[in-house]
Amino acid sequence: MITVNDLSLSYGTDTLFARTNLTFTPGNCYGIIGANGAGKSTFLNILAGNLEPTTGEVVLAPELRLSVLKQDQNQYDAYPVLETVFMGNARLYEVLKQKDALYEKADFTDEDGVLVSELEAEFAEMGGWEAEADASKMLGGLGLPTAQHYKQVSELNGREKVKVLLAQALFGQPDVILLDEPTNNLDYASISWLEDFLLDYDGTVILVSHDRHFLNAVCTHIVDIDYTKIKLYVGNYDFWYDSSRLMQQLMREQNRKTEEKAKELQDFIARFSANKSKARQATSRKKLLENLSFEEMPASSRRYPWVGFSPERELGKDVLFVESLSKTVNGEKVLNDVSFTLGREDKVAFVGDDELAVTTLMKILMGELEPDSGSYKWGVSTSQAYFPKDNTAFFEGHDETLLQWLAPYSPDQHESYLRQFLGRMLFSGDDVFKPVKVVLPPSVVPGTKLVKIC
């Protein structure tokens, strides 16, 4: 169990959250939500002991083991994959390395023998002999094949390293698991496996995620950071969303009734305050008016971008025909005889283990690559826009302001139009005059707010 007592965090005059009191209990999964910059990851770092709060404390029973999902993908490049996973249980890993070092000693003493026997007993009690099988099973569930379990972490790509770090955080049945954006860079199958793991897990899980489907699947509670406060709600994301909207609606309704009552009292006082026979009643209503109170509706930290897709003309029946597409990349055949048809009301998601195949198909459909064989044809009434996985090319070598950078993509070159569009995507004020290569805040992945105006 983790207990949070009177926790506050401020930076100068800015307060992220204040006077927070929470209890996180075993068997529950808590999803931390809030706007960018509200303090979600910061709160998680305080729980992990990596950051000191301004006031208050976090209490974790000393016998409990807390595990944290690491964020530095290159931190364990010097280690083998399985050994990196073992590090998730620090004591087990320490015992493993200590007893291995003793066995390798050339001058093995009786004292060493006694120590080894004690270490072996502790190792067995912690499930050390099953550790490799458990770690391999976990890595396999996350989609990392057995052949990669014995490689150096440095040999893996970014997505594979994320899976190793996630396996490390989950390894060895920790009592408390802290996960910051655990579904980032995971494929659908890995996310599904993680959902099943967390649903069967008996300890305490506290996680930050922007994936509402994931939050709905695994969370028993929602921790909402907003209005410089942290509030705990029982239920998943949808339950929080419905209940928070209902609460705001009730507050607005109560304020409306209070305003009507205040107006009624003010009208009575204005009409009868000079009337001697009604003076006592008018005085009584003045006291009632003074005692009326309104529920405070503080400004939320949440800001939502507005994205609207308006077709240039009415879409016809036929949208896309793909016939027998094949493509080989770097000697590997990533697409083989792919055929499908999309109609006017279809929405499709391309999923699969081979990320290169999906990206290649997208690039072919956008005319950036030529297929080796096969063909595709867009409907005559269609126009296309593309948001690629890698947006680096849009920003490298660009020194223009955001307004200047966006103008070539816009059908309207007037500054007022560009400002209005950027405002919808939460770029306002002097932000539009900053160089595009530095305009994004650290909490935003480059490219995620900048879209082509179609």
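Along the sequence shown, the residues carry numbers beginning at 1. The figures that follow rest on heavy atoms only: side chains count, while hydrogens, waters and symmetry mates do not.
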Would you call [X]-[Y] a salt bridge at under 4.0 Å N-O?
X	Y	answer
Lys231	Asp224	no
Asp134	Lys137	no
Glu94	Arg91	yes
Glu83	Lys97	yes

Of the non-hydrogen atoms in Leu66 and Ala48, which two are nearest, and what is the gap between them?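 Minimum heavy-atom contact is CD2-CA, 4.4 Å.
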Considering all heavy atoms, the nearest Ala169-Pro174 contact: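 Heavy atoms only, the tightest pair is O-CG, 3.8 Å.
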Just wondering, do [Y] and [X] contact through their side chains at under 4.5 Å, heavy atoms?
X	Y	result
Pro388	Phe394	yes
Thr204	Asn28	no
Asp175	Pro26	no
Thr401	Val432	no
Arg212	Tyr241	no
Pro80	Lys151	no
Ile33	Ile225	no
Thr220	Asn236	no

[X] side chain vs [Y] backbone, donor-acceptor pair below 3.5 Å:
X	Y	result
Glu132	Glu130	no
Ser381	Gly316	yes
Glu332	Val329	no
Thr20	Ser8	no
His210	Glu181	no
Arg65	Gly172	yes
Lys40	Gly34	yes
Gln413	Ser410	yes
Thr382	Gly379	yes

Apply side chain to side chain donor-acceptor pair (under 3.5 Å) to the pair Ser190 and Asp187, showing each step before the final yes or no. CA-CA 5 Å; Ser190 299; Asp187 53 79; 3.1 Å; yes
Can you tell me if [atom1] on [X] sees more than 12 non-hydrogen neighbours from other groups inside 6.0 Å?
X	atom1	answer
Glu57	CD	yes
Glu52	CD	no
Arg159	CZ	yes
Met366	CE	yes
Arg19	CZ	no
Asp202	CG	no
Asp430	CG	no

Val322 pairs by side chain to side chain contact (heavy atoms under 4.5 Å, CB included) with which of Leu342, Leu365, Thr341, Ile364?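 It is Leu365; the other options fail the test.
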Leu139: which of Val81, Thr146, Leu166 passes side chain to side chain contact (heavy atoms under 4.5 Å, CB included):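 When side chain to side chain contact (heavy atoms under 4.5 Å, CB included) is applied between Leu139 and each of Val81, Thr146, Leu166, only Val81 qualifies.
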Would you call the rings of [X] and [Y] parallel, tilted or perpendicular, where under 30° means parallel and over 60° means perpendicular?
X	Y	result
Phe197	Tyr201	parallel
Trp240	Tyr237	tilted
Phe86	Phe171	tilted

Test side-chain contact (heavy atoms from CB on, under 4.5 Å) on Gln404 and Leu402 and set out the steps. CA-CA 5 Å; Gln404 294 168 334; Leu402 184 52; over 6 Å; no
Yes or no on ring pair (Phe, Tyr, Trp, His ring centres under 6.0 Å) for Phe350 and Phe340, after CA distance, side-chain angles and deciding distance? CA-CA 12 Å; Phe350 295 115; Phe340 60 89; 5.8 Å; yes
Assess the residue pair Asp180 and Ser41 against the criterion (side chain to side chain donor-acceptor pair (under 3.5 Å)); give the C-alpha distance rounded to whole Å, side-chain angles, the decisive distance to 0.1 Å, and a yes or no. CA-CA 7 Å; Asp180 194 350; Ser41 295; 2.8 Å; yes
From [atom1] ([X]) to [atom2] ([Y]), nearest 0.5 Å:
X	Y	atom1	atom2	answer
Ile206	Cys219	CD1	SG	11.0 Å
Leu418	Asp412	CG	CG	7.0 Å
Leu403	Asp431	CG	CG	10.5 Å
Leu198	Leu179	CG	CG	6.5 Å
Tyr79	Gln152	OH	CD	10.5 Å
Leu422	Glu415	CG	CD	10.0 Å

Go through the side-chain N and O atoms of Thr228 and Thr15 and say whether any donor and acceptor fall under 3.5 Å apart.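 No, no side-chain donor-acceptor contact under 3.5 Å.
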Under a 3.5 Å threshold, yes or no: a donor from one side chain and an acceptor from the other, between Asp211 and His213?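 Side chains of Asp211 and His213: no pair found under 3.5 Å.
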Let's go through Tyr376 and Phe321 carefully: what are the C-alpha distance in whole Å and the side-chain angles of both, what is the deciding distance for ring pair (Phe, Tyr, Trp, His ring centres under 6.0 Å) to 0.1 Å, and is it a yes or a no? CA-CA 5 Å; Tyr376 67 93; Phe321 299 92; over 10 Å; no
What verdict does the side chain to side chain donor-acceptor pair (under 3.5 Å) test give for Asn74 and Lys161, after you've listed the backbone C-alpha separation in whole Å, the side-chain angles of each residue and the deciding distance to 0.1 Å? CA-CA 8 Å; Asn74 302 319; Lys161 288 181 180 181; 2.9 Å; yes
Step by step, work out the side-chain contact (heavy atoms from CB on, under 4.5 Å) result for Leu51 and Leu9. CA-CA 10 Å; Leu51 185 65; Leu9 184 69; 4.3 Å; yes
Candidate pair Val176 and Ser67, rule side-chain contact (heavy atoms from CB on, under 4.5 Å), full reasoning: CA-CA 6 Å; Val176 181; Ser67 183; over 6 Å; no
Ring centres under 6.0 Å, that's the criterion: do Tyr30 and Phe24 meet it?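 When the ring centroids of Tyr30 and Phe24 are compared, they turn out to be within the sub-6.0 Å range.
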Between Phe239 and Tyr233, is the ring centre distance below 6.0 Å?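 No, they do not, as the ring centres are separated by 6.0 Å or more.
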Hey, mind stepping through Ser326 and Asp337 against side chain to side chain donor-acceptor pair (under 3.5 Å) and telling me if it holds? CA-CA 5 Å; Ser326 295; Asp337 199 26; 5.3 Å; no
